[in-house]
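One structure below.
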Amino acid sequence: MAEEAILGYLEKNEQISDSGNFAAERGFDHNDVVNVIKSLHGFRYIDAQDIKRETWVLTGEGKKYAAEGSPEVQLFLAVPAEGSISKDELQKKLDPAVFKIGCSQAGKNKWVEMGKQVSRKVQNVEDKVKDLLLQVQNGHALSKEEISSLKARKLIVPQTWKGYSVRKGPNYAPKRKKAATDLTRENLQKGDWKELEFKEYNFNAKGQPAEGGHLHPLLKVRKQLKDIFLQMGFEEMPTNNFVESSFWNFDALFQPQQHPARDSHDTFFLEEPSTTRELPEDYVERVKRVHESGGYGSRGYGYEWKREEANKNLLRTHTTAVSSRMLKALAEKPFAPKKYFSIDRVFRNEAVDRTHLAEFHQIEGLVCDRGLTLGDLIGVLHDFFSRLGMSKLRFKPAYNPYTEPSMEIFSYHEGFGKWVEVGNSGMFRPEMLLPMGLPEDVHVIAWGLSLER
Ligand code: PHE
């Protein structure tokens, strides 16, 4: 309503010089008019200039007299037109404050004779104070003297009035267009996007905080395990190669070439590229020799080792392939003890069922130092598994081509009420470590388990 009035008025007139008068003339509440002005000004439909005026408003006392008459007039009217009234009688007829103020003002005005008896001195009086108060209430201007007399009696107080003078702005239109916030399919179909005014984007607006999302349960456990290894002082091995040569996955680990795990029924071999590009030749030679005829106190397997078999590329079947590369790298430098771990994917060509996929995450830990024993392995395993909440462990002799002795790890499952296999472990064989060039007294204890199986 006020908006239409303002825009409509400006269509035919230069300006609205005073929003207060504009509101009063049309019976609008000035606050409503001000809100519309602010909004139109924001969209530059109009230009608005502040105007301020000192005005006067009635105090509580002032309002009372404006309604009931001034105390002096109330007192005058309480005095009989003829004869007199005793002061006590008069006091009883009036409010104490009205009586007190009325006496002094009516006395000053010489309207009444004040003594033990009170009587009128004039026939009629005018209530000038009430009239002035009503004028202030209605927004009329008073003379300086009138203002100061009311102010002295604390019947009015000053108030700053704020309003606006208003002219057309750069975006003026007789009717406000609602700015479109989105370009819709309908806009495009109808073609009305050509006429639409679009609301500008607020690039500073904050988006809704994203509160959803969480780690996948598997990644949660992975993080938990990684933290355990780090707390135990282990370094992570670089396991970012899923493709590995048979050499590092099997041969370097003293796994014979006829071993069933090296069959395509158990392992995914690559078709393209089917073979590895290079291997460390002198080390390959030592590995070939230890497979064929042994050495380092071993008799070897006594078969003809084939290079073609070692060259074959595959998807690594265990992260122990990475461990073998890391240990070979360690052997090339002056010896320093190490604790390594990895958690990454391995691939096995197995029947897929409810609990087995053709790939899973393997967790592997190894400690490499002089003079380590099976007791050290058992101790580290107790430490590691108890951090996972498994403190009841049992070990069972097992076989791995690359470890001797080897132990399967069992943990007592309180919920199932039985022993559950949780991992595999062992001490790497001299047939694996010595061809790498590690010192003879350096032993490596290691274990592996699955993250999801
Ligand atoms: N590579 C073994 C497996 O795949 C795990 C293992 C790692 C065993 C290190 C002994 C030592 O189960």
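Atoms within a ligand are numbered from 1 in the order they appear, just like the ligands themselves. We're numbering straight along the sequence, starting at 1.
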Ligand 1 polar-atom proximity to protein (N/O, under 3.5 Å):
residue: ligand 1; atom: 1 (N); partner: H318; partner atom: ND1; Å: 3.2
residue: ligand 1; atom: 1 (N); partner: T320; partner atom: OG1; Å: 2.8
residue: ligand 1; atom: 1 (N); partner: Y402; partner atom: OH; Å: 2.8
residue: ligand 1; atom: 4 (O); partner: R348; partner atom: NH2; Å: 2.8
residue: ligand 1; atom: 4 (O); partner: Q362; partner atom: NE2; Å: 2.9
residue: ligand 1; atom: 12 (O); partner: N424; partner atom: ND2; Å: 3.4

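- With respect to the salt-bridge test (charged N to carboxylate O, under 4.0 angstrom), the residues E309 and R262 do not qualify.
- F22 carries R26 over the face of its six-membered ring, with the cationic atom under 6.0 Å from the centre and within 45° of the normal.
- Applying the side-chain hydrogen bond (donor to acceptor under 3.5 Å, both in side chains) test to residues at least two apart or on different chains, the pairs with a partner in residues 272-284 are E281-R307.
- Each side-chain hydrogen bond (donor to acceptor under 3.5 Å, both in side chains) pair with one or both residues in residues 156-165, not counting sequence neighbours, appears once here: E54-T160.
- Ion pairing of K328 with E332 is present here, as a side-chain N (NZ or NE/NH1/NH2) and a carboxylate O approach within less than 4.0 Å.
- Within the structure, salt bridge (charged side-chain N to carboxylate O under 4.0 Å, His left out) pairs that include any residue of residues 199-219 do not occur (at least two apart or interchain).
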